[in-house]
Number of protein chains: 2
Amino acid sequence: MYRTTIEDAVFPNCPIRNILARLCDKWSLLVIYTLDKAGKEAVRFKELQREIPDISQKMLTVTLRTLEDDGYVTRTVYPEVPPRVEYALTARAYTLLPHVNALIAWALENRDAIMEDRRKACKK
Amino acid sequence: MYRTTIEDAVFPNCPIRNILARLCDKWSLLVIYTLDKAGKEAVRFKELQREIPDISQKMLTVTLRTLEDDGYVTRTVYPEVPPRVEYALTARAYTLLPHVNALIAWALENRDAIMEDRRKACKK
DNA sequence: CGGAATCCCTGACGATACTG
DNA sequence: CAGTATCGTCAGGGATTCCG
């Protein structure tokens, strides 16, 4: 199973590439947002899948592992049968969340106008 | 020449997927940031390439066109020889910029800690 | 100078099947 | 339940060439 690359080759210190580009893959922001929205301390794997119905099970696993690697998420395995695994946001993730939520709010406000522009551009 | 997809199939109204995921490709944020950083009204194509040396000419073109489609950037062609084309951020882009800059600042603050976590995770 | 067109390839991602 | 393993696809992206 793969994970995304560790560092950008040409600009190893570029915060946009090394930190933001990683958060900006297809699913990461959505997973963080969903974990927060749940309003609980911890969320089970299956529950996340229900909240994001069109993510594949593989990509949910990979995304969570990558988020764990970068310290946004903790993964807790309870030695039960059947197994129970819970994911929770870290303190770091909570300092990021206001910015993410601001972005989402901005996107919501501008969605209609942007989609309209996009449609126009598409017809040309 | 391709451009990224227009709408997300399953959640056509999801602001994260339709607006943010588009901004979060490999180059868009960096181009917006670079246009802003230049501190001018308009920036020429070649100049952008110099500022982002490892972007290919094709991807710079595609990224700029997509940003134009979504109304973040204007493209002005001057009928000269040799041709001159200038790109500028729109008002919409300027309302987005504070959020982007906040994210970049956050990434800078947390870069060392995140990279450290990432390295540890990598060794396991 | 600022592209467009073409070719090509990697890796991100999905689907499916299997497992402790 | 929460994964891992395997395989296949294809779109994102690079390199190169050509053009007004």
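Treat the numbers as computed from the prediction; the structure is a model and nothing was measured. By convention in this document, chain letters (A, B, ...) are assigned in the order of the sequence lines, proteins followed by strands, and residues within each chain are numbered from 1.
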Holding to side chain to side chain contact (heavy atoms under 4.5 Å, CB included), I want the full list of residues that pass it with A:Val43, two or more places apart in sequence or in another chain. A:Leu35, A:Ala38, A:Glu47, A:Leu48

Ignoring hydrogens and angles, tell me if any N or O in the side chain of A:Thr63 forms a donor-acceptor pair with the backbone of A:Leu60 under 3.5 Å. no

Tell me whether the side-chain N/O atoms of B:Arg84 come closer than 4.0 Å to OP1 or OP2 in C:dG2. no

Protein-nucleotide distance (A:Phe45, atom CZ; D:dT4, atom C1'), rounded to Å: 11 Å

Nearest to the B:Gln57 side chain among D:dG3, D:dT16, C:dC1, which nucleotide is it? D:dT16

Can you say whether a donor on the side chain of A:Glu80 sits under 3.5 Å from an acceptor on the base of D:dA2, or the other way round? no

Atom CZ of A:Arg44 to atom P of D:dG3: distance rounded to whole Å? 10 Å

Are any of A:Arg75's side-chain N or O atoms less than 4.0 Å away from OP1 or OP2 of D:dA2? no

Can you tell me if the side-chain N/O atoms of A:Lys26 get under 4.0 Å from OP1 or OP2 in C:dG14? yes

What's A:Tyr87 touching, base or sugar-phosphate or nothing? Going by heavy atoms closer than 4.0 Å. sugar-phosphate

Is the shortest side-chain N/O distance from A:Arg65 to OP1 or OP2 of D:dG3 below 4.0 Å? yes

Using atom types as modelled and distance alone, determine if a side-chain donor or acceptor of A:Arg111 lies under 3.5 Å from a backbone N or O of B:Asn18. no

Between CG of A:Asp25 and P of C:dC13 the distance, given in whole Å, is 6 Å

Can any side-chain N or O of A:Arg22 pair as donor or acceptor with the backbone N or O of A:Ser28 at less than 3.5 Å? no

The answer to which of A:Ser56 and A:Pro82 contacts DNA chain C further toward the 5' end, by nearest nucleotide, is A:Ser56

Nucleotide C:dG14, atom C1' - distance to CH2 of A:Trp27 in whole Å: 10 Å

Which whole-number value in Å describes the distance from A:Glu86 CD to D:dA2 P? 9 Å

Using whole Å, what does the distance between atom P of nucleotide D:dG3 and atom NZ of A:Lys58 come to? 15 Å

Could you tell me how far apart A:Leu60 (CG) and C:dT16 (P) are, to the nearest whole angstrom? 18 Å

Angle class for the B:Tyr87/B:Phe45 ring planes (parallel below 30°, perpendicular above 60°, tilted otherwise)? tilted

Roughly how many Å is it from CE in A:Met59 to P in D:dG8, rounded to a whole number? 20 Å

